[in-house]
Each structure stands twice: as C-alpha cells, then as structure tokens.
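Taking it in order: structure first as structure tokens, then the write-up.
Quick note on labels: first sequence line is chain A, next is B, and so on, each numbered from 1.
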2 protein chains.
Amino acid sequence: MTRGSSVDQNFLFTLGELYRLLRVYADKEASRFGITRAQWAVLAKVERSEGMKQSELAELLEMQPITLTRLIDKLCDNDWIERRSDASDRRVKRLYLKKSGRQLLGKMSGLKSELTANALDGITPADAHRLLTQLETIKENVRSAIQTSGAEQARKEQRYG
Amino acid sequence: MTRGSSVDQNFLFTLGELYRLLRVYADKEASRFGITRAQWAVLAKVERSEGMKQSELAELLEMQPITLTRLIDKLCDNDWIERRSDASDRRVKRLYLKKSGRQLLGKMSGLKSELTANALDGITPADAHRLLTQLETIKENVRSAIQTSGAEQARKEQRYG
DNA sequence: AAGTGATCATAAGCTTGCTTATTATATCCA
DNA sequence: TGGATATAATAAGCAAGCTTATGATCACTT
C-alpha cells in the first residue's frame, strides 16, 4: 500500500513536469532546424502516412482539428507540406510532403535518436520498450476514460435538460 | 535493434500525445471544482511545502517563474492561497494555504486517486512503481541534457562573441 | 559607501493547447 | 427533391507554457 500510495501521490503531476522539461529540450534542439517540436511531430506523422485528411491526422496526434490547422498553416508557409483538395469530397484537404519537407526530415533523423537516447540514458532497451508499451496502455485508458465521462455527462444532460 | 529502433521512433512524440490526453481528462474532471489541472498542481505543491518562495516552487514544478506567477494570481484571486512578504528579504514572497484552499484539496483528494487509478488500469502496482521511478530518471536525464546543451551554447558564444 | 552583478517577482508578447461557433459540403431519410 | 443532421476546415478567444526585459532588492568587493 505504501507503494501504491506513492504512485498515487505523484504520477499525474510528474508526467506534466517531465513533459515540460522534454518540450523545452526538444524545442531548443529543433530550433536549429527552424522548426518547433510541435510542428516536427506533425511533419513526421505526415511522412508516415501521406494523403491523410486533416481530421484523421488530428485524431492520430490526439489533438483538436483547429490546433492542427494552425500548425499546418506554418508547415505550408515553410513549403514543407501542401494541402490538396480531395476529388470526391470538396470539404476535405489531404496532406502531402513537399521536397523540402522530405529533405528537412532527412536532416533531422539523427536528432530524434539523439534526444531519445539522452532522455532514456540508464534505462535498458528492454525497460525502454516496456515503458513505451505502458505509455500506450495508459493512452488507451485515458482515451476511454474521457469517452466514459463524456457519456455520463451526456446522459445527465438528457435526464435534466 | 528492432526493439531499440521502435522505441526510438516513438518515445518523444508518444509522451506528448499522452500528455495532451491526460490534460484534457484531468482538466475536465477538475473543472467540477472550479479549478484547472495546472492550478491544482500548484496548490498541491504548496500544501506539501508551505512557506516556499515562488522561485523555489517554480523550480520544483519545472516551470518558469513568470508562468507560476500567473497561476498564483488565479489561486490568490480565489482565496485558496496567499502571498506573504518575507521578513528578511523584501524581494521574496512566500506562499501559504488559506482555509478554503485546504478545504478544496480535501474535497479533491479522492479525484487524484481516481484519475491515477483509471490511467494506470491494467498496470500492476509494482510496474506502476517502476514506471514512476523511470519517469523520474528521465526527468533528471533531460534536466542535465538541457544544462549541457546550454553550456555548449554559452561556450560557443564566448568563443565567437 | 558605493558600485557591480545576482536574484526575485513581474510585464509584454509569442506559441500551442483548448472550447465554442461558423461556413461549406455531404449524407440520409421521408 | 428537400430538409435535418453530420462532418471538414477554420475563426475567435482563453489557458498555460515559453523568452526576453524591467524594477526592486540583496550581496559582494573594493
């Protein structure tokens, strides 16, 4: 129980503290390439799945479409990616890497490894793998917790509205 | 190597995605108490170490003093904490919980456990404990990586400035 | 004692998240 | 065919991070 309560006391806020540190670190390093960490994450995801709709990409990135829209604006301004209209649905815009975007990702490929290696220093590859798996598990847990609490909310509103 | 490269591909951005999800979740739940997750984190830290200087608290929270200043403004507006001038150093303000802040934390004590338990569902207490330890390790790694890269920066500037 | 440099809190302005609302377009059903 | 509902992208405005700069105070050196 001591063990449980210690986790209980710390997990929620510790993750936030780590995130802030990691953000400062990654932004500082990425800035040498004229890009921010947030933009880089989008660019990397576009590379992995070109031709996606913005809404699909937003879901993959766990962010709201409007947040993504503004990041895409910046990536387009820099000519790293482009929006192309969808032939069969005129609401949709699909995202494609441009040549300079591909080149940038090439130049940055070593940086991600370096940042990750520095962050995970002293953690064995096996532990790192387990850690990542656990983070994915937690992501799923939180995603479904949000949906559940949203559903409860809707039910209450229906009952009292 | 497969294992290493899979971590390499994902750790940096996965943590950001999890953070965003967790933020949405915690903010939504905390809002029932009229407080945000960020403000809650500050309030909880003040409870644990009353009488701290703002600058010390900012360091504990891994955030910049100005970021903290504005969160503290809100906590003071709500009368949950107060700033008291230091007797021996007139620059310093020390932070103390007020009665209603203590009451609020009491009311919210169950929520943190609930959020953490939901997030860590399916992860054994032993694994959760190891996970938290690893997050702390990574925090230290990143903190020192930032300092190192800052030092390199300063060295370069000195050399070329 | 006085000046130089550090430290504390804060201000101004930017980024990247969010929520809520708007506009255009699709889809569905009656 | 047409009206209600849903979906895609964007806009406006707020929250909470950041950097850089400022004013007040302190500490140290001379």
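- dT7(D) atom P lies 17 Å from atom CG of D86(A), rounded to whole Å.
- Between the base of dT7(C) and the side chain of R91(B) there is a donor-acceptor pair shorter than 3.5 Å.
- Atom pair Y19(B):OH and dC18(C):P shows a separation of 10 Å (rounding to whole Å applied).
- With L105(B) as the partner, the side-chain contact (heavy atoms from CB on, under 4.5 Å) test is satisfied by one option alone out of V46(B), L97(B), I35(B): L97(B).
- Ionic pairing of E17(A) and R20(A) is not present here: no N-O contact between side-chain nitrogen and carboxylate oxygen is shorter than 4.0 angstrom.
- With a 4.5 Å cut-off on side-chain heavy atoms, M52(B) and K45(B) do not count as touching.
- Within 3.5 Å, no donor on the side chain of R20(B) pairs with an acceptor on the base of dG17(D), nor the reverse.
- Between K53(B) and the phosphate of dA9(C), there is no side-chain N or O to OP1/OP2 separation shorter than 4.0 Å.
- Put simply, CG on L71(B) is 17 Å from P on dC14(D), counting in whole angstrom units.
- Remark: K74(A) is in phosphate contact with dT16(C), judged by side-chain N or O atoms under 4.0 Å from OP1 or OP2.
- L22(B) is listed as a side-chain neighbour of L12(A), based on a closest heavy-atom distance under 4.5 Å.
- Counting heavy-atom neighbours within 6.0 Å of E59(B) CD, excluding the residue itself, gives a total of 12 or less.
- Put simply, the residue from L60(B), V42(B), D73(B) that forms a side-chain contact (heavy atoms from CB on, under 4.5 Å) with L68(B) is V42(B).
- Side-chain proximity of A38(B) to the nucleotides dT25(C), dA16(D), dT25(D) is greatest for dA16(D).
- Here the P atom of nucleotide dT15(C) and the CG atom of D73(A) are 12 Å apart, to the nearest Å.
- Backbone-only contact: R37(B) has heavy atoms under 4.0 Å from sugar-phosphate atoms and none from a base.
- In the set dA9(C), dC18(D), dA16(D), the nucleotide with an atom closest to the side chain of Q54(B) is dA9(C).
- When rounded to the nearest whole Å, the span between CD1 of I35(B) and P of dA15(D) equals 14 Å.
- Going from atom CD1 of I72(B) over to atom P of dC8(C) covers 13 Å, rounded to whole Å.
- An OP1 or OP2 oxygen of dA9(D) is reached within less than 4.0 angstrom by no side-chain nitrogen or oxygen of K93(A).
- If you take CD1 of I81(A) and P of dA9(D), they are 12 Å apart, rounded to a whole angstrom.
- The stretch residues 36-80 of chain A participates, sequence neighbours left out, in these ring-ring contact (aromatic ring centres under 6.0 Å, His included) pairs: W40(A)-F13(B).
- The side chain of Q39(B) places no N or O atom within less than 4.0 Å of a non-bridging phosphate oxygen (OP1 or OP2) of dA15(D).
- Going from atom CZ of R70(B) over to atom P of dG17(D) covers 11 Å, rounded to whole Å.
- Applying the salt bridge (Lys or Arg N to Asp or Glu O under 4.0 Å) rule to D27(B) yields no partners; only residues at least two apart in sequence or on another chain are considered.
- Residue-level contact check: R83(B) touches the backbone only, with heavy atoms under 4.0 Å from sugar-phosphate atoms and none from bases.
- Listed by residue number, the members of residues 55-69 of chain A with any heavy atom below 4.0 angstrom from DNA chain C are E62(A), M63(A), Q64(A), I66(A), T67(A).
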